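Beneath this line is the structure, given in structure tokens, with notes to follow.
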Amino acid sequence: MSQFEVKVVRFPSASALVTQLPGFNGTFNSKHYAGYVNIDESHGKNLYYYFVESERDPSNDPVVLWLNGGPGCSSFDGFVYEHGPFNFDFGEPSGSLPSLHNNPYSWSKVSNIIYLDSPVGVGLSYSNNKSDYVTGDLKTASDSHKFLLKWFEIYPEFLMNPFYISGESYAGIYVPTLASEVVKGIDAGVKPDINFEGYMVGNGATDDYTDGNALIGFQHGMGLISDQLFEEVNAACNGNFYEPSREECIKMFQKIDLVLSDINVYDILEPCYHSKEPSLITINSSRLPMSFRKLGETERPLPVRKRMFGRAWPFKAPVKEGRVPTWPEILNGVAVPCTDDRVATVWLNNADVRKAIHAEQTTVIGPWELCTDKITMYHDSGSMIPYHKNLTARGYRAIIYSGDHDMCVPYTGSALWTRSLGYPIVDEWRPWYVNEQVAGFIQGYDNNLIFMTVKGAGHTVPEYKPREALAFYSRWYVNIDESHGKNLYYYFVESERNPSKDPVVLWLNGGPGCSSFDGFVYEHGPFNFDFGKPSGSLPSLHNNPYSWSKVSNIIYLDSPVGVGLSYSGNKSDYNTGDLKTASDSHSFLLKNPFYISGESYAGIYVPTLASEVVKGIDAGVRPAINFMGYMVGNGVADDIIDGNAIVPFQHGMGLISDDLYEEAVVACHGNFYEPVDSNCSEKLNKIDQVVYDLNVYDILEPCYHSKKPSVITTGNSRLPMSFRKLGETERPLPVRKRMFGRAWPYKAPVRAGHVPTWPEILNSVEVPCTDDRVATLWLNNADVRKAIHAEPATVIGPWELCTDKIDLDHDSGSMIPYHKNLTARGYRAIIFSGDHDMCVPFTGSAVWTKSLGYPIVDEWRPWYVNDQVAGFIQGYANNLIFMTIKGAGHTVPEYKPREALAFYSRCLLTFLFLVTEGAPQSALVTQIPGFNGTFHSKHYAGYVNIDESHGKNLYYYFVESERDPSNDPVVLWLNGGPGCSSFDGFVYEHGPFNYELGKPSTSLPSLHNNPYSWSKVSSVIYLDSPVGVGLSYSKNKSEYETGDLKTASDTHLFLLKWFEIYPEFLTNPFYISGESYAGIYVPTLSYEVVKGIDAGVTPAINFKGYMVGNGVTDEKIDANALVPFQHGMGLISDDLYEEAVRACHGNFYEPVGSNCLDKLDRIEQVVNDLNVYDILEPCYHSKEPSAITTGNSRLPMSFRKLGETERPLPVRKRMFGRAWPFKAPVRAGHVPTWPEILNDLYVPCTDDRVATAWLNNEDVRKAIHAEQTTLIGPWELCTDKIGLSHDSGSMIPYHKNLTARGYRALIYSGDHDMCVPFTGSEKWTRSLGYPIVDKWRPWYVNEEVAGYIQGYDNNLTFITIKGAGHTVPEYKPQEALAFYSRWLEGKNI
């Protein structure tokens, strides 16, 4: 019997059957088998496999072998993160087993699949002879072939199934070498006969020369390096980028490396945190980076399957002959991309998992690693091109697929080498589709060879685009810190009114070390508690009529860990600080849109946590928290202000005499916080003696101070538990008044460093009376613990109101900068003070709120409950409120529950305290239908009549800056079209609100504050121009015939009149901005304004510069930029591009012969179904005119399939085109309307339902001071009732004139827009001939590359926004606000 002869085995051994998997509670969709195949018994050489039968028809469906690359990476990478049968979720707490769910895009839906760890030493494969860990490509292929022969002996029932080999990255070597080995075996008659049909390679290493030379072209085409840089490197290297030998070539490479060093090489659109400090790289025994903590801080939600953007063959480590360097070796010279393999690592190193999947335990073979360095690998197989040539020439099927945004093994190289095989094209370059959306491009060659791209995918295609990957695959065949067990306990009470819409509020008590059950039991929780009878029994609970859950959802959180019912398996976690507490609480809260609130030492917790939340929002952490603001009651803020506020409070309240106060002021020079001499100390000691017997938490309430220590009953925490004479007074004190102090004690000011515990304070300071018996009895009852899902006392110890088991450092400094930053960004803040608290007196809170320097918008006045004065209030700009609660102590809701509920509900739901003032009052917008919140700044709207004889009225909506409207720039925003309303920018791009579709869709949408509104840093005027557009109108319809120059003149008149109405903004810097056809409006208007300034026209406008986004500029440059863009982005093939260049001689704008026209028509057919406004986004093009819903303007209103994509598209992403249409270039003369264009071209998908429903609502029109539809007709996003002539020519002379005079100009381009592609904007800015003062480089948001920038002399800047389409703020709102604010402030972008 030969060694490869088939054994007669009908079915796989039952010992290989996988019957259950830890973490998965469902039913397998098909049978699973796993185990080892020994390929060399003398060495004990064992290759591990996991086999998943097809869920469809395992007897007939193909069998596919999957191999991951590395080299050295386990194929469980594919199983866990790409196309395996399960999706994996992180375990809770962290470090525990992940949970598994069926994967709807598993490749086992249509095939049987073998995941093989190869070569030996990788993953779960091992050998008893370590010499086997030194191997090469050819040995690996031979070993894998042996595995297959033995595997088919074990599973002979699959011998007749078609068999394919597949893999990605370095498996671009493994797959063809193994395929060749299999074919050799077939030729030699080796048994068993494998029914080999073909192979697949994804973004695979192939040929060192081709792969190496493909990078520069890819980088240029994708807009990562400038035209100039590309031309320079070409000249320096003579087109040979693989092995540069000339010094000038090497220098150019170093220059490019600097530009690209912070890009994620595995998907240029995704974030990747590259640590600048080696110490930040967490490594395991294989020295591979395990996790970069900032991974996934992006607007786009990244599920676990997106958790890792690179681990295969690293960028700048090309596959050369000889030994392949390990990751640790590469680490010395190359930044390794971010990885996070925790899910797989935890799961595959669990003993129960190992047992379930029939793998050896870690004690035998060591821990599983995603990629290992224990193998030594030699690349000894040479170029793969001869292998591919041989296999395809013999008729074996091959599909070579490429994620088109991978810079590790870019599609440009794969396109080049497949083409180099020289086969005739049998399926010309064309798009392929999923759900009627372009999913990529494909070219088919003779001999069953296919090359295809997957649009928007990175290096590991099924990880980025699982739906599309399954589509082409099937068609071609047919806890916050889980490692520590760190657990924060919460109790969540839904709103009693409308939980789906009411705010969610987080409540934090102070201490530090006090449980938020203090708030739950004694302040504003859903129950009132009565003492049990007899004493010591459970208390009785009754509904609390003043619970804050009457109007909000509320989370009571025990934080930091170690407080209340929160605990950790690692006691070192009980050593913490303000900043760590904020970070932990943020991790807990990632699922909750909300307000943050708290009291006392939570005056530290709340703003530090709020800042952490805002940082997360800025960084795009998902889920996105709808953070609106915060509340602090009698909160610690600043040690000096808090400390100095006590003596004035004591004097004001009549607790110390005028004489004593004046003596203290003279002796201490006003510094009571840190007395500098004995005289001051004596005066303060005298004051202490006077106020000694007062209750510092409410100076009006009694407090029993025992003169005998034995009277103080302490528990195991040594905290005072009860003062028995509490409440022995004529005034009845209900249980909720049972305790007058437990927060930050008097005379123990909050200083930097270690915060003393209560027992430490007991040594020198009397602790005020407390009685926490009710809460202590209830929360230490075993049945209560069980009912509220808390660990029993036997596990985590008894509950204590305030604990000393945590050790907390005050490491966050003064809270004033935190409050300043948060309120300056428009987040709402209410600072409330019980006015009889001597612990953190209102006098200090009043001083520090005033110190922020904001204008007063609501002067000091009383506020009321039931017609009675409940306290006093002062409102400041930037949504800051300071208020007192009359007669309340330190814990306001405990003393004044009715008043507390009153201000709480008003603040959260209506913010009625603020009184808005300002002229012109008739233009003030006070409320907007659909929005229930509070404006972050003042809004004004209305008409400016620029020609009374014709009744010519331009409509504007003005949003004041949320930061500093008196000084921040005023920016005019113009949308394009021509004929499109600037409410497009207001509703869908950078306005103050985010809009959600109403239900039904024709009802009013709901509005929410937009965290990326441009009004965060500037005042913005949204103008409907020219007249006839949007809400602008004229009584003389002849005014609807206009042109570029007339539009500029009219808009200039508008500005002059507007500044007469709003003269307070005349000194503010003024900028003009817009996008698309506003590439014409902006420079022509800017030029008109400058002419007016030169002529002394008044009022004098303080014009500083302008911005244009993806703007029409010059007909020839714009039009000629399209074809190079299409080629660079991988939308047309090399062949088609070269043919078009030859036929058209580079002139694509005005084709001169039929051959050129033919090529351009061919290109148009290829890209016809792409979304021209963002080539990565879906767009439904109806084939039937009847499917186009039109309004009276005959414009398409909605395409119903918009947004049918895996990536969630919020309303702000709802529309990808409406500006200047593709293939309708801007030429001199009449500009065709959309209906005219409709006769010849498909109009891109639009969905303007949100804006249309809102702006045609009568109440909205009334609220925003716009004429009703009965008078001016319905609002339309883009109208055809105007007739516009393009009569201004090329914009290049305008830009030249303005910038030469020193006016600032920012030209920005979404780099995935095919309507006005960045290639044209880059070309014309360069054509102005200014010296470069800021060479092409990346710019950043949250340490991630957000695009590229080149700065020229004369204040001209060109930038791209990575991954954005035509309307940049719509696609990339966070990045748009970043460059906008930086540029306006004169900072480096």
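Excluded from the calculations below are hydrogen atoms, water molecules and symmetry mates; all remaining heavy atoms, backbone and side chain alike, are included. These figures come from a predicted structure and were not determined experimentally.
Aromatic rings from Phe903 and Phe832 are positioned such that their centres are separated by under 6.0 Å. If you look at Phe627 and Tyr827, their ring centroids are closer than 6.0 Å. In this structure, Tyr556 has its ring center under 6.0 Å from that of Phe520. Aromatic ring centroids of Phe993 and His936 lie 6.0 Å or more apart. In this structure, Tyr854 has its ring center at least 6.0 angstrom away from the ring center of His819.
Two residues are said to be in side-chain contact when any heavy atoms from C-beta on lie closer than 4.5 Å; Ile554 and Val504 fail this criterion. Using a 4.5 Å heavy-atom threshold, the side chains of Tyr546 and Pro893 count as separate. In this structure, Leu924 and His939 have side chains that are not in contact, with every pair of non-hydrogen atoms separated by 4.5 Å or more. Taking the side chain as every heavy atom from C-beta outward, Ile816 and Ser851 approach each other to under 4.5 Å. Annotation: side chain of Pro648 is in contact with side chain of Phe672 (closest heavy-atom distance under 4.5 Å). You'll find the side chain of Ser845 reaches within 4.5 Å of the side chain of Ile831, heavy atoms only. Annotation: side chain of Tyr895 is in contact with side chain of Asp698 (closest heavy-atom distance under 4.5 Å). Side-chain atoms of Ile604 and Met815, non-hydrogen and from C-beta on, do get closer than 4.5 Å to each other.
For Val666, there are no side chain to side chain contact (heavy atoms under 4.5 Å, CB included) partners two or more places apart in sequence or in a different chain. Residues forming a side-chain hydrogen bond (donor to acceptor under 3.5 Å, both in side chains) with Trp507 (at least two apart in sequence, or on another chain): Asn509. Every side-chain hydrogen bond (donor to acceptor under 3.5 Å, both in side chains) that Asp837 has, sequence neighbours left out, goes to Asn634, His890. Remark: Glu899 engages no residue in a salt bridge (Lys or Arg N to Asp or Glu O under 4.0 Å) (not counting sequence neighbours).
Closest approach of Ser961 to Lys1016, counting heavy atoms only: OG-O, 4.1 Å. Annotation for Pro545 and Asn528: closest pair CD-ND2, 3.9 Å, computed over non-hydrogen atoms. Nearest approach of Phe529 to Pro539, heavy atoms of both residues: CD2-CG, 4.1 Å. For the residue pair Ser1015 and Val959, the shortest heavy atom distance occurs at CB-CG1, 3.6 Å. The shortest heavy-atom contact between Ala602 and Pro607 is O-CD, 3.9 Å. Contact detail for Leu609 and Leu508: the closest heavy-atom pair is CD2-CD1, 4.1 Å.
The distance from atom CD of Glu962 to atom OG of Ser1019, rounded to the nearest 0.5 Å, is 10.0 Å. Within the model, atoms CZ of Phe935 and CG of Asn1009 stand 9.0 Å from one another, a figure rounded to the nearest 0.5 Å. We find the OG-CG distance between Ser1006 and Asn932 to be 8.5 Å, quoted to the nearest 0.5 Å. Rounding to the nearest 0.5 angstrom, the gap separating the OH atom in Tyr489 from the OG atom in Ser559 is 14.5 Å. The NZ atom of Lys850 lies 13.5 Å from the CG atom of Leu880; values are rounded to the nearest 0.5 Å. Note that the CZ atom of Phe882 and the CD1 atom of Ile873 stand 10.0 Å from one another [nearest 0.5 Å].
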Practice task
Under the salt bridge (Lys or Arg N to Asp or Glu O under 4.0 Å) rule, what do Lys886 and Asp835 come out as? Steps first, then yes or no, please.
Solution key: CA-CA 6 Å; Lys886 186 165 66 77; Asp835 65 1; over 6 Å; no
Handout entry: Worked verdict on Arg828 versus Tyr595 for side chain to side chain contact (heavy atoms under 4.5 Å, CB included)
Key = CA-CA 9 Å; Arg828 299 167 60 191; Tyr595 289 81; 2.5 Å; yes
Problem - Gln874 vs Ile881, side chain to side chain contact (heavy atoms under 4.5 Å, CB included): CA-CA, chis, key distance, verdict - result: CA-CA 6 Å; Gln874 184 144 292; Ile881 289 175; over 6 Å; no
Practice task
For side chain to side chain contact (heavy atoms under 4.5 Å, CB included), just list the numbers for His542 and Asp530, CA-CA rounded to whole Å, side-chain angles, deciding distance to a tenth of an Å, and then say yes or no.
Solution key: CA-CA 8 Å; His542 312 281; Asp530 286 341; 3.0 Å; yes
Exercise for the section: Apply side chain to side chain contact (heavy atoms under 4.5 Å, CB included) to Val614 and Leu822, showing your working. Expected result: CA-CA 8 Å; Val614 169; Leu822 291 163; 3.7 Å; yes
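With 3.5 Å as the limit, one finds a donor-acceptor pair spanning the side chains of Ser515 and Trp799.
No donor-acceptor pair under 3.5 Å is formed between the side chain of Asn821 and the backbone N or O of Pro817. A donor-acceptor contact shorter than 3.5 Å is absent between the side chain of Ser1013 and the backbone of Asn1010. Side chain of Tyr673 to backbone of Ala645: no donor-acceptor contact under 3.5 angstrom is found. Although no hydrogens or angles enter the test, the distance criterion places a donor-acceptor pair under 3.5 Å between the side chain of Ser597 and the main chain of Leu506. Checked by atom type and distance alone, the side chain of Asn878 pairs as donor or acceptor with a backbone atom of Arg963 at under 3.5 Å. Checking side-chain atoms of Thr884 against main-chain N and O of Phe872 turns up a donor-acceptor pair under 3.5 Å. Checked by atom type and distance alone, the side chain of Asp638 pairs as donor or acceptor with a backbone atom of Ile640 at under 3.5 Å. Checked by atom type and distance alone, the side chain of Glu599 never pairs as donor or acceptor with a backbone atom of Gly633 at under 3.5 Å.
Taking the six-membered ring where the residue is Trp, Tyr605 and Tyr601 present perpendicular rings, their angle passing 60° and hence far from 30°. In this structure, Tyr491 and Phe517 have perpendicular ring planes: the angle between them is above 60°, well past the 30° mark.
For residues 921-930, there are no salt bridge (Lys or Arg N to Asp or Glu O under 4.0 Å) pairs, not counting sequence neighbours. Sorted by first and then second residue, the salt bridge (Lys or Arg N to Asp or Glu O under 4.0 Å) pairs involving residues 662-672 (not counting sequence neighbours) are Glu663-Lys683.
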